[in-house]
Amino acid sequence: VTGQPLLTGGLAVVMLAMSACCVARLAVGWRAHRPVDRPTDTAHALMGMAMAGMLLPPLRILSLGAWQIVFLLVAAVFLGRVAAGQVAGRRTGGHDLPHVLACAAMLYMLAALHGTGRQPAAVALLLAVALLACVVRATDRISVGPAIGRRAMALLGPQLAACCEIAMGVTMGYMLIAMS
Amino acid sequence: MTKLAAHDRTRALQLALGCLWLLDALLQIQSFMLGRGFAAMLRATAAGNPPVVAIPITWTAGIVGHHPVVADEIFAAVQLLIGLGIAWRPALRTALAASVAWSVAVWWLGEGLGGLLAGTASPVNGAPGPALLYALLAVLLWPGGPTRRIWPGRTSPRNAQQIWPGRTQPLRIRPVSLTPPNSARVCPRPSAVSGRPRAARVVWLLLWGGLAVLTVRPATSAPRALSGMIAAAAAGQPRWLAGLDDRIAIAVAGRGPVAAVVLSVLLGVIAAGIYWPRRAVPAILVVAMLTAGGIWVAQGLGGMLTGMGTDPASGPLLVLLALTCWPAQQPPEAAPEAATPTASARAAPAASQP
């Protein structure tokens, strides 16, 4: 991703921090026997690591092709959840579809970096706008979300998950527009 | 809760405005903007303006030209904060106020007042300036509703903690769109737009009427003006959009004055249509949205796909304005007492329950 070095470096650091935060949420939730949304936190952690690698190539821990396979699997998991919700009559699409969208954005960016054919710029712009819509929705949810109390609960609270979603959406939007 | 909030039209429009600010912020930090291009773009807007307008533009362009990266990143950060502030309910009013102030500053220093005083303004080149439309939308989407106090630990600690976690001081908020769970029975709180329909209609009339007048001025109605503007917007675009714009430019080439008059009549009808009978207004608003879409295509989507667009141009903002002016639903007669602000204020705390 081309851009001002300080900006891309700063965003890479934010993405690594977000990734670490999601891993901590998973660990604390497992130790405290608290329910956490494991697929969401795992997906955010993976996306954070992959985006940090795209922003700063020395941070790349997997090849682009490997990341593509990872995000195809993650997208399949969330699509499966959406389908299962539809079959069971639950309306979970509002929660899971943004993750499918984020996976699609990751696959687009990885394909663009991989140089597999010419990627249409309009698709990048549409994905960026859709992700920004998810960002404002997540920000709106923070202001009406449930209260947070102790530190462990704050780590597991929905506010932190929403903050991760916001940081990831903005960074992904930046990268998509830079690539378009 | 989120689902219910999404049903609140005013809140949905505020979130759409926030989304556009975020898009603006990200467009601001493209590679082109981080170089000398942004300063050159600013300087170009001074041309043709009277000195009192042009000198501050040139001065600002000089500062940006000396520190392009810092200036650009500050601009992007401000726009990002405005967008997130609009989406974060406790900061909504501050963010909307900042949106107005920032938009007016950008309209002057970044868009040269949309070329209105330079004689170059045309609906096809973005007049009256997207920044002015941001300011108008922020005013029209200003939240209405009564003020209520929440005292954590006394009256409603849970609700206050939900709205502002960790807050120990009395929290004075104006509920924005905390639609109660049983919204089918309770009338929605008077929204910003339905509470000020007269102002929205006046803004609509002035804006679209102004565009109609600008269309018959030489900047648009000269024989080659319209086709020239559309052809210029096609430069650097992806093939599909460039082809579309080129076709439109060829179609209006040589018929500039006629096309301008037809467009002006259409814009005039849209302007006056807001005062037509209530049933006809949605049709006029749909026509306005389609016209805005057409203008947006002629603008080359604001150059967003060329890597040099600083904003999505006036098209999406005009569509948002049309949605803002959409007639409010009449409150059902079955629950007249719920329509009062007091009843809404009573109902609002229930909405905060998880």
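Atom set for the values below is all heavy atoms of this structure, side chains included, hydrogens, waters and symmetry mates excluded. The sequence lines fix the lettering, A, B, ..., with proteins before strands; numbering per chain opens at 1. Given the structure is predicted, the values throughout are model-derived calculations rather than measurements.
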Side chain from CB out, backbone as N, CA, C, O: work out which of these in [X] comes under 4.5 Å of a heavy atom of chain B, or both, or neither.
| X | answer |
| --- | --- |
| A:L176 | neither |
| A:V170 | both |
| A:A133 | both |

Within-4.5 Å side-chain heavy-atom neighbours: [X] and [Y]:
| X | Y | value |
| --- | --- | --- |
| B:L15 | A:T139 | no |
| A:V135 | B:L84 | yes |
| B:E73 | A:L7 | yes |

Please flag which part of B:L80 lies under 4.5 Å from any non-hydrogen atom of chain A: side chain, backbone, both or neither.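 Answer is side chain: those atoms of B:L80 sit under 4.5 Å from chain A.
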So which heavy atom on [X] is nearest to which on [Y], and how close?
| X | Y | result |
| --- | --- | --- |
| A:I142 | B:W88 | CG2-NE1, 3.9 Å |
| B:I29 | A:Y174 | CD1-CD1, 3.5 Å |
| A:G173 | B:L26 | C-CD1, 3.5 Å |

A:D140 side, atom CG; B:L92 side, atom CG - distance, nearest 0.5 Å: 9.5 Å
From the options A:I177, A:L125, A:V129, select the one residue that forms a side chain to side chain contact (heavy atoms under 4.5 Å, CB included) with B:M304.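 That would be A:L125; it is the only one of A:I177, A:L125, A:V129 passing the side chain to side chain contact (heavy atoms under 4.5 Å, CB included) with B:M304.
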